[in-house]
Amino acid sequence: MIQRTDATVQALTPIKTTEINKNWQQALAESITDPEQLIQLLQLPPSILPQLQRAGESFQLRVPRPFLDLMEPGNLNDPLLLQVLPQAQELLSQPGYLRDPLQEANHNPQRGIIHKYHGRVLLTLSGACAVNCRYCFRRHFPYQDNQLGSEQWQQVLDYLRQHPEVQEVIFSGGDPLATPDNRIFKMLDDLEQLPQLRRLRIHSRLPVVIPQRLTDALSQRLQQSRLQVVLVLHINHSNEISVALQQQLQPLQRGGITLLNQSVLLKGVNDNSDTLVHLSEQLFASGILPYYLYLLDPVEGAAHFDLDETRARLLAGQMAARLPGYLVPKLARDIPGKAAKTQILPLEADLG
């Protein structure tokens, strides 16, 4: 595993020059979906091909080349590779791991809307993702039933008018930034006409795996919005923070956009305190504030990533003992039926 200890931009792995010159849509179109190609590019043992093919039948392999460039060739335990590598364990049926672990179907009042919490509504702008993370809690979500065409978008606006208590709209998916800029701009124009709205939150992993997605036009439009804009990135390991990502985030930082990060605690990827502490340090050095550290949502096919709660609490306690409070993300679990995310108290750590 590549170890990075310097918090400076120069020490981080840059995206390859051949990728910088491509626009984000071209990079997205060239994502790796063929297991044989993945094996060749990363110099992995050919013996793993059958498991990749079997697990990929139900949930396709998808990884963009810029993200691939951050992985260590030949290392089957690379923390970035493990997040996207189809594995045989995904095919094992495990009690308690469900297709809809958060019971979102119960909070899906109309196409494209998930309304679970007071004062905020989540919109599934796109069912597409730039990368198929194997632990994704929406890997079985019925995106085909939640597409937002022009008619459905007008229905979303009507829904918001009928719920004046909603002050925040959350762009989600899939990945909302898989939506082209011009469509996002039209949606933003419409939302800004609703006087009740104060904030727009965008949850996206796309800038992490294809940094070019943060176009100049998108950055400028978000800065011009009357809404307070929050961009929540999804970074699980410090190796995901490339120079290219940092560079693309700088205009947003200068423009007053709030940058947060949420991570998922994943066995074999980030389940030790050194890794988590380093992640928080690198996030803050990049202008991103650690926000949440989630326990895995028990989705079918991802049980091999799960970590027991006691271990998670201990890791959170070790982070709290080593970091200032503003760098310690809130350890939390999403429990269906609760009025908010359930925060989990850390176990006090003795660092000797």
Is the closest side-chain heavy-atom distance between [X] and [Y] below 4.5 Å?
X    : Y    : value
L177 : L218 : yes
L42  : M71  : yes
R221 : D181 : no
I241 : L283 : yes
R226 : L197 : yes
L194 : V169 : no
P207 : L245 : yes
L188 : L227 : yes

Can you get from [X] to [Y] by hopping between Ile, Leu, Val, Met, Phe, Trp and Tyr side chains that sit under 4.5 Å apart?
X    : Y    : answer
I39  : V131 : yes
Y292 : L276 : yes
L265 : L327 : yes
L214 : F185 : yes
L323 : L331 : yes

- Please test L266 against L82 for side-chain contact (heavy atoms from CB on, under 4.5 Å), starting from the C-alpha separation and ending with a verdict. CA-CA 10 Å; L266 301 168; L82 290 175; over 6 Å; no
Closer than 3.5 angstrom, by distance alone: can the side chain of [X] be matched with the main-chain N or O of [Y] as a donor-acceptor pair?
X    : Y    : result
Q282 : S238 : no
S31  : L28  : yes
Q196 : V166 : yes
R198 : Q167 : no
Q223 : S219 : yes
R120 : H118 : yes
N108 : I113 : yes
S286 : I288 : no

Under a 4.0 Å threshold between the charged nitrogen and the carboxylate oxygen, would [Y] count as salt-bridged to [X]?
X    : Y    : result
D190 : K186 : yes
R205 : E240 : yes
R213 : D175 : no
R311 : D306 : no
D158 : R161 : yes

For K338, look at atom NZ and say whether over 12 heavy atoms of other residues, nucleotides or ligands are found less than 6.0 Å away.
->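 Open: at most 12 neighbouring heavy atoms sit under 6.0 Å from NZ of K338.
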- [ ] Under the side-chain contact (heavy atoms from CB on, under 4.5 Å) rule, what do L70 and N239 come out as? Steps first, then yes or no, please.
- [x] CA-CA 7 Å; L70 301 179; N239 289 10; 5.8 Å; no
Smallest separation among heavy atoms of [X] and [Y], with atom names:
X    : Y    : result
M319 : P329 : CE-CD, 3.5 Å
Q318 : S273 : OE1-CB, 3.2 Å
L76  : P45  : CD1-CG, 3.7 Å
L347 : T310 : CD1-O, 3.8 Å
R134 : A302 : O-CB, 3.9 Å
P46  : P50  : O-CD, 4.2 Å

Exercise for review: Please list, chain by chain and in numerical order, all residues satisfying salt bridge (charged side-chain N to carboxylate O under 4.0 Å, His left out) with R62, sequence neighbours excluded.
Suggested key: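 Scan of R62 (salt bridge (charged side-chain N to carboxylate O under 4.0 Å, His left out), adjacent residues dropped) gives none.
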In short, side chain to side chain donor-acceptor pair (under 3.5 Å) pairs touching residues 257-266 with sequence neighbours left out are N261-S263
Using 0.5 Å steps for rounding, measure from the [atom1] atom of [X] to the [atom2] atom of [Y].
X    : Y    : atom1 : atom2 : value
I335 : I344 : CD1   : CD1   : 7.0 Å
L85  : L52  : CG    : CG    : 4.5 Å
F305 : Q87  : CZ    : CD    : 6.0 Å
I184 : L191 : CD1   : CG    : 11.5 Å
Q83  : C133 : CD    : SG    : 6.0 Å
F59  : L91  : CZ    : CG    : 13.0 Å

V264 vs D297, side-chain contact (heavy atoms from CB on, under 4.5 Å): CA-CA, chis, key distance, verdict:
CA-CA 9 Å; V264 180; D297 295 317; over 6 Å; no
**Report entry** Donor-acceptor side-chain pairing of N236 and Y135 below 3.5 angstrom
**Finding:** yes
Member of Q154, H115, Q110 meeting the side-chain hydrogen bond (donor to acceptor under 3.5 Å, both in side chains) criterion with Y159:
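Output: one option passes, namely H115.
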* Asked: Given L38 and L68, is the side-chain contact (heavy atoms from CB on, under 4.5 Å) satisfied, shown in steps?
  -> CA-CA 9 Å; L38 180 75; L68 203 73; 3.4 Å; yes
Q: Please work out whether the ring planes of F284 and Y326 are parallel, tilted or perpendicular, with thresholds of 30° and 60°.
A: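 It falls in the tilted class, 30° to 60°.
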Residue pairs meeting ring-ring contact (aromatic ring centres under 6.0 Å, His included), one or both in residues 202-222, sequence neighbours left out, come to none
